[in-house]
**Student:** 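Quick one: the structure is below, and I'll ask about it shortly.
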Amino acid sequence: MTRARSIAGEGGSEARAKPLPSLASLVRQALQGAVYPLSTEQLSCVARENAAPAELLSLLGALPRGEFRSIDAVEFALEAEAQERSRDR
């Protein structure tokens, strides 16, 4: 059996996992159309309206209270929160 047939025989393209979207791309999709500055509550509201995944809604809800002046500020805060959580484990 050739290598190509072996790979295809193991489920082919259907069995290959689709790459997961990055956190940044999820955030940008979830906050599409947002007009800044926005509070934490407003970020969550926009994300909910854009059908964001529950995990992302949870992350947005855990951000420190205050205003975010741009999508970059939101991403920075989410990265910092993720690093903090990984240190606590």
Side-chain angles (χ1 to χ4, degrees):
M1 180 180 304
T2 67
R3 180 176 177 189
R5 286 184 64 200
S6 174
I7 292 171
E10 294 174 4
S13 62
E14 293 175 338
R16 287 187 210 127
K18 293 181 183 177
L20 295 175
S22 69
L23 178 60
S25 67
L26 285 174
V27 170
R28 289 188 183 272
Q29 285 177 337
L31 299 178
Q32 187 173 359
V35 178
Y36 296 88
L38 291 174
S39 68
T40 306
E41 294 80 16
Q42 291 168 319
L43 290 172
S44 294
C45 184
V46 170
R48 225 180 334 277
E49 288 174 2
N50 287 333
E55 296 84 11
L56 182 57
L57 292 172
S58 178
L59 289 172
L60 290 171
L63 289 175
R65 301 296 172 230
E67 277 195 346
F68 293 86
R69 299 191 100 24
S70 68
I71 188 76
D72 293 331
V74 175
E75 289 175 354
F76 182 80
L78 285 170
E79 292 285 333
E81 184 69 24
Q83 288 177 358
E84 184 69 29
R85 286 184 183 192
S86 68
R87 273 184 271 174
D88 290 344
R89 290 182 186 175

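Because only heavy atoms are used, hydrogens play no part in the values below, and waters and symmetry mates are left out as well, while side chains stay in.
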**Student:** Quick test of your reading: applying salt bridge (charged side-chain N to carboxylate O under 4.0 Å, His left out), list the pairs with at least one residue in residues 32-47, sequence neighbours left out, ordered by first then second residue.
**Tutor:** E41-R65

**Student:** List for me each residue that meets side chain to side chain donor-acceptor pair (under 3.5 Å) alongside E67, sequence neighbours excluded, and say none if there are none.
**Tutor:** none

**Student:** S86: which residues meet the side chain to side chain donor-acceptor pair (under 3.5 Å) condition with it, sequence neighbours left out?
**Tutor:** none

**Student:** E81: which residues meet the salt bridge (charged side-chain N to carboxylate O under 4.0 Å, His left out) condition with it, sequence neighbours left out?
**Tutor:** R85

**Student:** Holding to side chain to side chain donor-acceptor pair (under 3.5 Å), I want the full list of residues that pass it with N50, two or more places apart in sequence or in another chain.
**Tutor:** none

**Student:** In chain order, what residues pass the salt bridge (charged side-chain N to carboxylate O under 4.0 Å, His left out) check against E49, with sequence neighbours excluded?
**Tutor:** none

**Student:** For R28, check side chain to side chain donor-acceptor pair (under 3.5 Å) against everything at least two apart and list the hits.
**Tutor:** D72, E75

**Student:** Could you pull out the closest heavy-atom pair between S44 and L57, with the gap in Å?
**Tutor:** O-CD2, 3.8 Å

**Student:** Tell me, please, which residues at least two apart from Q83 pass side chain to side chain contact (heavy atoms under 4.5 Å, CB included).
**Tutor:** R87

**Student:** Any chance you could pull the hydrophobic cluster mates of V46, using side-chain heavy atoms under 4.5 angstrom and chaining through other members?
**Tutor:** L23, L26, V27, L31, Y36, L38, L43, L56, L59, L60, L63, F68, I71, V74, L78

**Student:** Ignoring hydrogens and geometry, is there a side-chain-to-backbone donor-acceptor pair from T40 to G61 under 3.5 Å?
**Tutor:** no

